[in-house]
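Reviewing the structure listed below.
Remember, predicted model here, so these are calculated numbers, not experimental data. First the proteins, then the strands, lettered A, B, ... as listed; each starts at 1.
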There are 2 protein chains.
Amino acid sequence: MARTGRPRGFDTGQAVDAALALFWQYGYESTSLAQLREAMGISSASFYAAFSSKEQLFEAVVQRYLSTYGQVTAVAADEALAPREAIEQTLRRSVRMQTDPSHPSGCLVVLAESTCASGNQRVRDLLADRRAWDRRNMTACVERAVTRGELPPGTDPKALAAVFHSFLLGLSTQARDGVPAADLDASVTHVMRVWDGMASALHPV
Amino acid sequence: MARTGRPRGFDTGQAVDAALALFWQYGYESTSLAQLREAMGISSASFYAAFSSKEQLFEAVVQRYLSTYGQVTAVAADEALAPREAIEQTLRRSVRMQTDPSHPSGCLVVLAESTCASGNQRVRDLLADRRAWDRRNMTACVERAVTRGELPPGTDPKALAAVFHSFLLGLSTQARDGVPAADLDASVTHVMRVWDGMASALHPV
DNA sequence: CTAGTTATGGATCGATTGATCCGTAACTAG
DNA sequence: CTAGTTACGGATCAATCGATCCATAACTAG
């Protein structure tokens, strides 16, 4: 059944996508309501009727980002994949996504709120939670690899995961600084040697 | 000879240090003039007489940062060191510095302006220049290693440097997210295996 | 001493911030 | 049709932004 009252004059999904592009480019605090309203093509009243506040809009934007672009890191949580493959694919897909010229470079989760006023702790936590999730997935990959006998028993999962996660986080700044995608993709091949170096201890010559 | 006129009632160096702490913690845009003036304990007039503008104060702050905390990455430019040692020390010192609880975590150069309003491009460039400098130093380390016969002739300096630089850049976000220094230091040991893996091609079994 | 110079506190600037309010338009239910 | 509901454009809010101005204080040169 159709809802009563005057119908909304704009598409909420498209408005969130427009906001996503702005928050991704400029970050949370540096994107103003005026910018958002102009990109959405709506008035102040319509904005608050639809999204309640800047912060709640940002939450919707993050949710949208995570369910689309952000999915590139979800392979790390796929237990059907071999652990090494899961991590390598996480890195390669992240490189490709973050350097895609059809949208702002880097990752919104890393860039949108690296530093912020103390009043926006909620926004920071929102993104920090996702980073922690990625980190846990990568750590779990290493732990699974040890269980499966693909890495030596003495492996330190936290330290090894920190290598790949740090590399992943650094991609955002590199992408923003204009490092070519080809260089980044080649560097993924190199960083995966960390894994192989650990694994080679399992096959003594 | 003493300068004429009423003497300054505060120490400029201490004021810059106070500003450094704020910009490091909250970033450039999120640190307000009111915060800065309160931390410095001076009035608006004194502020502008001494520093001209928020942007110029930030430049002084960056200069101060680079000549102190930021020196941890300067070892990468030291050609007296063995290239591998230079890179490893850059990473280890960065871990120690960025996790030191006596000041804000992470690196100001990476965190203070990852995203910004279009009007602050100047500030962004200021920090991006330093990141590019670090990157060039690390690339030069790899190139020197090839010249010195410590890495194979076919090595891709850009790709290999991208591994270490991406790892370095990622440290800031990890430090902000509270990853323990011990985990990060252990991960440096692991990431250096990328270098050793390349170098081992020089010594076929 | 006086004249010149610089720094000070504090009021204040115009612009912009995120957010609210109001009268009206556009729709549905009955 | 009328009554009820929701969305609209646009004016406007208090707060804060970075920055400026002015009268006065505190110093030096002569």
Side-chain angles (χ1 to χ4, degrees), chain A residues 1-16 18-19 22-23 25-61 112-113 115-124 126, chain B residues 1-16 18-19 22-23 25-61 112-113 115-124 126:
Chain A
M1 80 166 201
R3 205 163 82 282
T4 177
R6 178 174 174 172
R8 189 163 277 150
F10 65 97
D11 185 281
T12 305
Q14 288 179 12
V16 169
L22 287 173
F23 281 132
Q25 176 69 49
Y26 301 111
Y28 176 72
E29 292 184 335
S30 295
T31 303
S32 70
L33 262 295
Q35 277 180 287
L36 291 166
R37 289 193 297 102
E38 185 184 344
M40 296 173 168
I42 63 175
S43 72
S44 217
S46 298
F47 178 92
Y48 282 94
F51 305 109
S52 302
S53 71
K54 184 185 182 183
E55 185 177 309
Q56 287 196 35
L57 167 65
F58 186 72
E59 290 196 35
V61 162
E113 197 73 47
T115 54
C116 63
S118 47
N120 288 323
Q121 194 62 34
R122 170 94 179 75
V123 170
R124 228 193 96 76
L126 196 65
Chain B
M1 78 167 202
R3 207 163 79 280
T4 176
R6 175 174 176 173
R8 189 161 277 150
F10 64 98
D11 185 279
T12 305
Q14 288 179 11
V16 169
L22 287 173
F23 280 133
Q25 175 70 46
Y26 302 112
Y28 176 72
E29 292 183 334
S30 294
T31 304
S32 70
L33 262 293
Q35 278 180 286
L36 292 167
R37 289 192 296 101
E38 184 185 345
M40 295 173 169
I42 63 175
S43 72
S44 219
S46 299
F47 178 91
Y48 282 94
F51 305 109
S52 300
S53 70
K54 183 184 182 183
E55 186 177 309
Q56 286 194 37
L57 167 65
F58 186 72
E59 289 195 35
V61 162
E113 196 72 46
T115 56
C116 64
S118 47
N120 289 324
Q121 193 63 34
R122 171 94 179 76
V123 170
R124 227 193 97 74
L126 196 66

Protein-nucleotides 8-13 of chain C N/O pairs closer than 3.5 Å?
| from | atom 1 | to | atom 2 | distance (Å) |
| --- | --- | --- | --- | --- |
| C:dT8 | OP1 | B:Gly9 | N | 2.6 |
| C:dT8 | OP2 | B:Ser46 | OG | 2.9 |
| C:dT8 | O5' | B:Ser46 | OG | 3.1 |
| C:dG9 | OP2 | B:Ser43 | N | 3.4 |
| C:dG9 | OP2 | B:Ser43 | OG | 3.3 |
| C:dG9 | N7 | B:Ser43 | OG | 3.0 |

Item to check | Pair assignment for C:dG30, Watson-Crick or G-U wobble, requiring both distances under 3.5 Å | outcome: D:dC1
Item to check | Short side-chain donor-acceptor distance under 3.5 Å, A:Asn120 and A:Glu113 | outcome: no
Checklist outcome for this item: For B:Gln14, the side chain to side chain donor-acceptor pair (under 3.5 Å) test, sequence neighbours excluded, returns none
Next on the checklist: Evaluate A:Phe58 against A:Thr31 for side-chain contact (heavy atoms from CB on, under 4.5 Å), listing each step before the verdict.
Outcome noted: CA-CA 10 Å; A:Phe58 186 72; A:Thr31 303; over 6 Å; no
Checklist outcome for this item: The contact string for nucleotides 12-18 of chain D, one letter per nucleotide 5' to 3', using protein heavy atoms under 4.0 Å with B, S and - for base, sugar-phosphate only and none, comes out as -----SS
Checklist outcome for this item: Any strand, both distances under 3.5 Å, Watson-Crick or G-U wobble: C:dA15 pairs with D:dT16
Checklist entry - Quick one: A:Arg37 CZ to D:dA7 C1', roughly how many Å, whole number? => result 15 Å
What side-chain donor-acceptor pairs closer than 3.5 Å can you find for residues 37-48 of chain A, not counting sequence neighbours?
| from | atom 1 | to | atom 2 | distance (Å) |
| --- | --- | --- | --- | --- |
| A:Ser43 | OG | A:Ser46 | N | 3.4 |
| A:Ser43 | OG | A:Ser46 | OG | 3.4 |

Checklist entry - What's the CG-P distance between A:Leu36 and C:dT16, to the nearest Å? => result 16 Å
Checklist outcome for this item: Distance col, row A:Leu36:CG vs A:Phe23:CZ, nearest 0.5 angstrom, shows 4.5 Å
Next on the checklist: Show me the pairs that pass side chain to side chain donor-acceptor pair (under 3.5 Å) and involve residues 49-59 of chain A, at least two apart or across chains.
Outcome noted: A:Glu59-A:Arg122
Checklist entry - Given atom CE of A:Met40 and atom P of D:dA7, what is their separation to the nearest angstrom? => result 15 Å
Item to check | side chain to side chain donor-acceptor pair (under 3.5 Å) partners of A:Arg6, counting only residues at least two apart | outcome: none
Checklist entry - Any side-chain heavy-atom pair from A:Thr12 and A:Phe51 closer than 4.5 angstrom? => result yes
